[in-house]
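Input: a single structure, listed below in structure tokens.
A quick note: this is a predicted structure, and the numbers were derived from the prediction, not measured.
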Amino acid sequence: MALTAIGLWQASGALAAGEPEFGCGHVHTAQALRNPYGTGHGPPPIAIGDSTMLLPIPDLTRVGFDVNGLGCRGFKQSVWVARDLRNRGELPKLVLFNAYGNGGVDDDLIKFALKVIGPKRTLVLVTAYDADTGHPPAPDTDVIIRAAKEHPDQIKLLDWVKYSLPHHRADPAPGAWFLPDLFHPNFAGAHAYGNFLAQVLPGGLAAAEPKSSDDGGVAWWPFAVGGVLLLCGLALFLIRRRVPSQS
């Protein structure tokens, strides 16, 4: 209930166009619930970005990302976060950025990012909507698309805009994945966002999902049978109580 209340408070602050004021001055961090690389292979991958990542934090940590999100953050500021982690020896081998919707990005910033992470790490770039208008896609999207083509061995592209466009509607429209500003995802969009980004992780989303009963989980049928027996017993009890009252 507390997490839901926090999420609703965050969502309510994101209704205005552009970045919500509640997140522009405070960094939100969270740790992955699982390390998709396993033990002994360094820290979990990290997702660094703007307020797009704030509501999806539980979904990102669920699939295996550490998260560092800040409203109004730009691409250069995201590189600074990665640089600080590298200087502390904490930068993982996969770094994801979703932060050019505020202020754009250019070739020099891409080069800066690659220099910071080094040749042995992977940079994941995520397409974004325009933070001010909600229109797809954000300015300079062509820059990150071109960068992914020029550096296929080190840069991976996740086209969130293309993937989410069929649901680019605002609450309360059916199937909507976005808040009224059409930039920040709503709860359904946050879940889809986390699942979409999970595809770059080892094992993808399947490894992050809980195992089903077919994989050795608790069987459902004993609970169903127990429920039916309980209802039958309750019905019989009520019937037996009614009989004397009618005689």
Examine [X] and [Y] and state if one hydrophobic cluster contains both, with Ile, Leu, Val, Met, Phe, Trp and Tyr joined whenever side-chain heavy atoms are less than 4.5 Å apart.
X      : Y      : value
Phe183 : Ile144 : no
Ile117 : Leu157 : yes
Val126 : Leu123 : no
Leu91  : Leu94  : no
Val143 : Trp160 : no

Just by distance, with hydrogens left out, do His191 and Asp59 show a side-chain donor and acceptor under 3.5 Å apart?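 Yes, Asp59 and His191 have a side-chain donor paired with an acceptor closer than 3.5 Å.
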Holding to side-chain hydrogen bond (donor to acceptor under 3.5 Å, both in side chains), I want the full list of residues that pass it with Asn68, two or more places apart in sequence or in another chain.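 Testing Asn68 for side-chain hydrogen bond (donor to acceptor under 3.5 Å, both in side chains), a comparison that skips the adjacent residues, returns Arg73.
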Any idea which heavy atoms bring [X] and [Y] closest together, and the distance?
X      : Y      : value
Arg121 : Arg86  : NH1-CG, 4.5 Å
Asn98  : Met53  : CB-CE, 3.6 Å
Pro137 : Thr141 : CB-OG1, 3.4 Å
Asp50  : Gly101 : OD2-N, 4.3 Å
Ala99  : Gly49  : CB-CA, 4.0 Å
Ala188 : Ala176 : CB-O, 4.1 Å

Distance from [X] atom [atom1] to [Y] atom [atom2], nearest 0.5 Å?
X      : Y      : atom1 : atom2 : value
Asp106 : Lys111 : CG    : NZ    : 9.5 Å
Thr127 : Leu125 : OG1   : CG    : 10.0 Å
Ser164 : Leu182 : OG    : CG    : 10.5 Å
Leu114 : Leu109 : CG    : CG    : 11.0 Å
Asp153 : Thr122 : CG    : OG1   : 9.5 Å
Ile155 : Ile145 : CD1   : CD1   : 12.5 Å

Give me the one residue out of Thr29, Ile48, Val95 that meets side chain to side chain contact (heavy atoms under 4.5 Å, CB included) with Val81.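 Of the listed residues Thr29, Ile48, Val95, the side chain to side chain contact (heavy atoms under 4.5 Å, CB included) partner of Val81 is Ile48.
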So if I apply the side chain to side chain contact (heavy atoms under 4.5 Å, CB included) rule between Leu96 and each of Asp66, Val67, Leu158, which one comes out positive?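 So, applying the side chain to side chain contact (heavy atoms under 4.5 Å, CB included) to Leu96 and each of Asp66, Val67, Leu158, only Leu158 qualifies.
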For Asp171, give me all partners under salt bridge (charged side-chain N to carboxylate O under 4.0 Å, His left out), at least two apart in sequence or on another chain.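 Expected list: none.
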Which residue pairs pass the ring pair (Phe, Tyr, Trp, His ring centres under 6.0 Å) test with at least one member in residues 71-105, sequence neighbours excluded?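 For residues 71-105: Phe75-Phe97.
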Counting N and O atoms only, with roles assigned by atom type, does the side chain of [X] sit under 3.5 Å from a partner on the main chain of [Y], one being a donor and the other an acceptor?
X      : Y      : value
His168 : Gly134 : yes
Glu90  : Pro43  : no
Gln77  : Gly74  : yes
Gln154 : His151 : no
Asn35  : Pro45  : no
Arg169 : Pro174 : yes
Arg34  : Arg62  : no

Applying side chain to side chain contact (heavy atoms under 4.5 Å, CB included) to Ile46 and Leu85, what does each step give before you reach the verdict? CA-CA 10 Å; Ile46 188 166; Leu85 289 171; 3.5 Å; yes
Stepwise side-chain hydrogen bond (donor to acceptor under 3.5 Å, both in side chains) check, Tyr129 with Asp181: CA-CA 10 Å; Tyr129 292 87; Asp181 61 8; over 6 Å; no
Plane angle bin for Trp177 and His167 - parallel if under 30°, tilted between 30 and 60°, otherwise perpendicular: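 Judged by the thresholds at 30° and 60°, the geometry between His167 and Trp177 is parallel.
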Any side-chain heavy atom of Pro185 sitting closer than 4.5 Å to one from Thr52?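 Answer yes - side chains close enough.
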Ring-face cation of Lys76 near Phe112 (centre distance under 6.0 Å, axis angle within 45°):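 No cation-pi geometry.
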Do other residues, nucleotides or ligands put more than 12 heavy atoms under 6.0 Å from the CD atom of Glu150?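 Yes, CD of Glu150 has more than 12 neighbouring heavy atoms, counting only those of other groups under 6.0 Å.
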Are Phe65 and Ile57 close enough, and set up right, to give a side chain to side chain contact (heavy atoms under 4.5 Å, CB included), and what steps lead you there? CA-CA 9 Å; Phe65 282 103; Ile57 282 177; over 6 Å; no
